[in-house]
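Chain identifiers are assigned alphabetically (A, B, ...) following the order of the sequence lines, protein sequences preceding nucleic acid strands; residue numbering begins at 1 within each chain.
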Number of protein chains: 2
Amino acid sequence: MTKGRVTVIDIAKAAGVSKSTVSLVLQGSPLVNEGTRSKVNAAMRELGYVYNRGAANLRQTSAKSKIIGVVVNDLTNSFFAELAVGVDMVVQSAGFVQFLSNTSESIDRQREVIASMREHGISGLIVSPARATEAADFKPLVAADIPVVVVVRSLPGTKVSSIVSDNQGGTFAAVEHLASLGHTRIAFLGGFPDTAVFEERLAGYVDGVTVAGLGFNEELVVSSAPSRAGGSDAIGRAMAMSDRPTAAVCFNDAVAFGVCDGLRARHLEPGRDFAVIGFDDVIEAQTAVPALTTISVDPQSMGRRAAQLLLKQINAGKAEPESVTTAVRLVVRESCGAAQKKTGRKMA
Amino acid sequence: MTKGRVTVIDIAKAAGVSKSTVSLVLQGSPLVNEGTRSKVNAAMRELGYVYNRGAANLRQTSAKSKIIGVVVNDLTNSFFAELAVGVDMVVQSAGFVQFLSNTSESIDRQREVIASMREHGISGLIVSPARATEAADFKPLVAADIPVVVVVRSLPGTKVSSIVSDNQGGTFAAVEHLASLGHTRIAFLGGFPDTAVFEERLAGYVDGVTVAGLGFNEELVVSSAPSRAGGSDAIGRAMAMSDRPTAAVCFNDAVAFGVCDGLRARHLEPGRDFAVIGFDDVIEAQTAVPALTTISVDPQSMGRRAAQLLLKQINAGKAEPESVTTAVRLVVRESCGAAQKKTGRKMA
DNA sequence: ATTGCAATTTGGAACGATCCAAATTATTGC
DNA sequence: GCAATAATTTGGATCGTTCCAAATTGCAAT
């Protein structure tokens with residue numbers, strides 16, 4: 001076998017040209033003669049050449065590394081996994097590769113990960129920030145002219161682009177729908193109150209009950225962990241009230257599933273005895289029993305949009321911060337009691 | 001602001017030493033004087049220095065890039081997301097970063113992704129291969145002395161390490177348990193027959209029914225897509241038989257959930273009227289209603305083990321192929337009818 | 001043939017780090 | 001105080017690629 005790795009010089013020797021010509025072929029320059037090009041390509045195949053991007057990046061001061069970094073706060077949550085898949089799609093087809101890391105909501109981990117990505121010379125970053133992230137965390141990136149797109153959670157005070165879903169509009173639509181079904185005591189369940197997302201979704205809820213003429217009653221807001229267990233907990237506390245709610249808008253789908261669990265444990269059937277609406281439209285929402293009425297945000301297309309925006313900024317050279325809020329829509333299924341029985345789930 | 005990027009030479013100048021000394025500091029060499037070290041570190045902080053790993057890798061023939069590649073066939077599936085998180089944990093704490101890509105079962109995508117990773121100089125690869133992957137796909141990697149660890153799906157004929165769970169042992173235990181509860185017509189539902197995993201799980205099922213003295217009946221094996229929809233489909237076909245099964249071992253948890261859906265659609269309650277056992281123990285298994293009895297494989301610890309094995313091989317310099325099968329265990333919950341009511345799900 | 005002009009090709013000189021051997025400085029024993 | 005030794009520090013040379021200016025080639029027109 002060959003001792004060291006195969007370099008452009010080996011190829012040049014084998015094809016009887018200079019290393020400069022090989023380099024020209026590598027970058028698909030139109031300057032090189034068709035005959036030479038194929039000779040060089042043949043030699044590359046012959047010797048099993050692998051392009052060394054590290055060396056290339058070293059020389060090209062301006063050009064890019066073809067790496068984009070993706071940082072998410074919880075990959076275990078299928079919402080973020082889908083988001084990453086969406087990003088990967090467009091990033092891959094643009095000839096970039098994805099550096100994906102998970103922070104598990106740890107701000108320290110996030111810092112480490114971003115530092116490491118910088119060392120590797122990422123040409124852009126998409127990040128769903130960990131809970132305690134501050135605007136200052138991205139200062140060095142923007143100073144180095146590395147485009148950053150923040151997704152899912154907005155970060156007040158930053159000069160970077162962001163893509164968030166229309167949280168307020170979503171919960172507003174949910175409340176509106178429940179009110180139209182005749183509910184008058186509608187709860188807002190789950191989520192940690194110290195997050196921007198919580199605030200936005202709660203604001204939509206408040207708007208909703210106000211516009212529907214039900215009035216805002218703080219007692220009906222029950223926060224909890226944004227998880228299935230948290231949802232089960234929240235509905236427990238809600239049902240312990242003297243004047244119980246008959247419907248709930250949940251912080252997200254995980255909470256909504258937990259609420260359903262909790263209702264069943266109390267011999268109440270979600271969708272019949274109590275209306276439940278989630279948020280996110282995770283993949284299980286449509287196959288669960290009862291199928292979950294929820295606000296659909298389509299994380300995958302959100303990921304795609306984030307990647308497109310980032311690539312645009314990378315190509316433009318200059319990162320003009322842009323804020324996008326993606327539309328959401330209410331998907332009516334069974335859990336809200338608006339029995340749409342025609343959405344056939346007879347068999348698969 | 002500074003024009004170009006900050007290099008070791010800038011640091012050297014600022015700290016009043018030579019670039020060689022700065023380099024020594026960078027690699028934490030014990031040769032350098034404590035006083036100089038802190039002077040250099042101060043200068044680095046001052047100027048906002050970022051280490052250029054690309055340049056470093058160029059020189060160090062032997063040493064590695066601190067990048068490890070991770071390729072999964074379906075990141076949308078939370079099993080693989082958890083696996084990736086497990087890998088990330090140990091990889092990160094070893095000072096490496098993860099290059100994660102998703103192939104969506106596309107062999108072409110997989111090839112592209114691996115080629116791209118090679119160009120970036122990964123020092124190792126962990127891969128859950130796409131369906132049609134051949135042993136030859138990894139030849140160039142092993143020829144280049146890049147350690148490869150195949151996870152989840154074994155790949156016959158490769159000279160690379162692999163970590164798979166004890167599929168056969170898992171389904172065997174599941175059948176044994178169902179037989180001990182008195183079931184005599186036990187079906188095997190879901191999964192694509194052309195995969196190694198399917199074969200192994202089926203083999204465990206066949207062993208199980210044979211050992212239990214029930215005899216193997218091919219009719220009771222119903223394959224389908226390994227998804228929730230597939231499970232719903234499979235149970236539909238199983239219940240259409242003249243002599244219906246009363247219990248099922250499912251290819252995985254997704255199928256098992258689909259089976260539960262299908263049973264409910266036929267007004268049968270899983271766990272009471274029909275026993276269901278899954279495989280994987282995904283996160284939802286314990287909170288679902290009824291809680292799913294399943295074979296636990298703990299993808300996260302599998303990811304951790306894969307990463308540990310890979311790092312071991314990277315550090316050893318030479319990759320001695322190793323095959324590990326990780327133990328699985330039967331987690332008895334409600335869906336098999338062995339009512340363990342004490343596993344309190346009163347509230348959270 | 002010789003010139004002019006476009007089409008190709010080509011040797012260095014970078015890029016930012018590491019390595020090596022050799023130089024410098026500090027410390028010790030006598 | 002001086003040689004011997006240990007502890008630090010330091011200039012190139014180098015990794016594999018791209019860039020640049022300059023050289024070579026081909027070919028039509030003179």
Taking side-chain hydrogen bond (donor to acceptor under 3.5 Å, both in side chains) as the definition, give me every residue that meets it alongside B:Ser101, ordered by chain and number, with sequence neighbours left out.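 Scan of B:Ser101 (side-chain hydrogen bond (donor to acceptor under 3.5 Å, both in side chains), adjacent residues dropped) gives none.
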With A:Asn77, which residues qualify under side-chain hydrogen bond (donor to acceptor under 3.5 Å, both in side chains), at least two apart?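 In terms of side-chain hydrogen bond (donor to acceptor under 3.5 Å, both in side chains), with neighbours along the sequence ignored, A:Asn77 is linked to no residue.
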Residues which pass side-chain contact (heavy atoms from CB on, under 4.5 Å) with A:Thr158, listed by chain and number, not counting sequence neighbours: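 So A:Thr158 forms a side-chain contact (heavy atoms from CB on, under 4.5 Å) with A:Ala135, A:Phe138, A:Leu155, A:Val160.
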So, [X] side chain and [Y] main chain: donor-acceptor pair closer than 3.5 Å or not?
X	Y	answer
B:Asn57	B:Gly54	no
A:Thr103	A:Gln110	no
B:Gln313	B:Pro147	no

What verdict does the salt bridge (Lys or Arg N to Asp or Glu O under 4.0 Å) test give for B:Lys312 and B:Glu322, after you've listed the backbone C-alpha separation in whole Å, the side-chain angles of each residue and the deciding distance to 0.1 Å? CA-CA 11 Å; B:Lys312 194 180 87 185; B:Glu322 229 172 288; 3.0 Å; yes
Give the rounded distance in Å between these two atoms: [atom1] of [X] and [atom2] of [N].
X	N	atom1	atom2	value
A:Leu58	C:dC15	CG	C1'	4 Å
A:Asn52	D:dC15	CG	P	13 Å
A:Gln60	D:dT17	CD	C1'	8 Å
A:Leu47	D:dG16	CG	P	14 Å
A:His120	C:dG16	NE2	P	18 Å
B:Arg5	C:dA14	CZ	P	18 Å
B:Leu31	D:dT8	CG	P	8 Å

Mind listing the closest non-hydrogen atom pair of B:Ile122 and B:Gly69 along with its distance?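 Nearest heavy atoms, B:Ile122 then B:Gly69: CG2-N, 3.8 Å.
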Sub-3.5 Å pairs of nitrogen or oxygen atoms, protein against nucleotides 23-28 of chain D:
none

From the options C:dT18, C:dT9, D:dT10, select the nucleotide whose nearest atom is closest to the side chain of B:Leu24.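 For B:Leu24, the side-chain atoms sit closest to D:dT10.
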Between C:dA17, D:dT17, D:dT9, spot the one nearest the side chain of B:Arg59, thanks.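 Between C:dA17, D:dT17, D:dT9, the one nearest the side chain of B:Arg59 would be C:dA17.
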Keeping to residues at least two apart or across chains, list the ring pair (Phe, Tyr, Trp, His ring centres under 6.0 Å) pairs with something in residues 109-135 of chain B.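 Listed once each, the pairs are B:Phe99-B:His120.
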Where at least one partner belongs to residues 69-90 of chain B, residue pairs that pass ring pair (Phe, Tyr, Trp, His ring centres under 6.0 Å), sequence neighbours excluded: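 Ring pair (Phe, Tyr, Trp, His ring centres under 6.0 Å) check on residues 69-90 of chain B returns no pairs.
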Side-chain donor-acceptor distances from residues 40-47 of chain B under 3.5 Å, at least two apart:
from	atom 1	to	atom 2	distance (Å)
B:Asn41	ND2	B:Arg37	O	3.3

Short of 4.0 Å, heavy atom to strand atom, which residues of residues 36-45 of chain A count as contacting DNA chain C?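 A:Thr36, in order of number.
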Expected output is a numbered-order residue list: members of residues 9-22 of chain A with a heavy atom under 4.0 Å from any atom of DNA chain C. What is it?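 A:Val17, A:Ser18, A:Lys19, A:Ser20, A:Thr21, in order of number.
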A:Val90 vs A:Leu311 side-chain heavy atoms within contact, under 4.5 Å: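 Yes - at least one pair of side-chain heavy atoms lies under 4.5 Å apart.
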Would a 4.5 Å heavy-atom cut-off, applied to side chains only, mark A:Met302 and A:Asp298 as touching?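 No. Closest side-chain heavy atoms not under 4.5 Å.
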Can you run down the side-chain hydrogen bond (donor to acceptor under 3.5 Å, both in side chains) pairs that involve residues 81-92 of chain B, sequence neighbours left out, and say none if there aren't any?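 Listed by first then second residue: A:Arg109-B:Gln92, B:Asp88-B:Gln92.
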Bend angle of the helix from C:dA1-D:dT30 to C:dC30-D:dG1 from five-pair axes at both ends, rounded to 10°?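 The helix from C:dA1-D:dT30 to C:dC30-D:dG1 shows an end-to-end axis angle of 40°.
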Under the side-chain contact (heavy atoms from CB on, under 4.5 Å) rule, what do B:Leu125 and B:Val71 come out as? Steps first, then yes or no, please. CA-CA 8 Å; B:Leu125 179 68; B:Val71 174; 3.9 Å; yes
Think A:Gln27 has a side-chain N or O under 4.0 angstrom from the OP1 or OP2 of D:dC19?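 So the side-chain polar atoms of A:Gln27 do come within 4.0 Å of the phosphate oxygens OP1 or OP2 of D:dC19, strictly under.
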Output one line per pair: protein atom, nucleotide atom from nucleotides 21-26 of chain C, and distance, for all N/O pairs under 3.5 Å.
none

Regarding A:Ser116 and A:Glu112, is there a side-chain donor-to-acceptor distance under 3.5 Å anywhere?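 Not at all, the side chains of A:Ser116 and A:Glu112 share no donor-acceptor pair under 3.5 Å.
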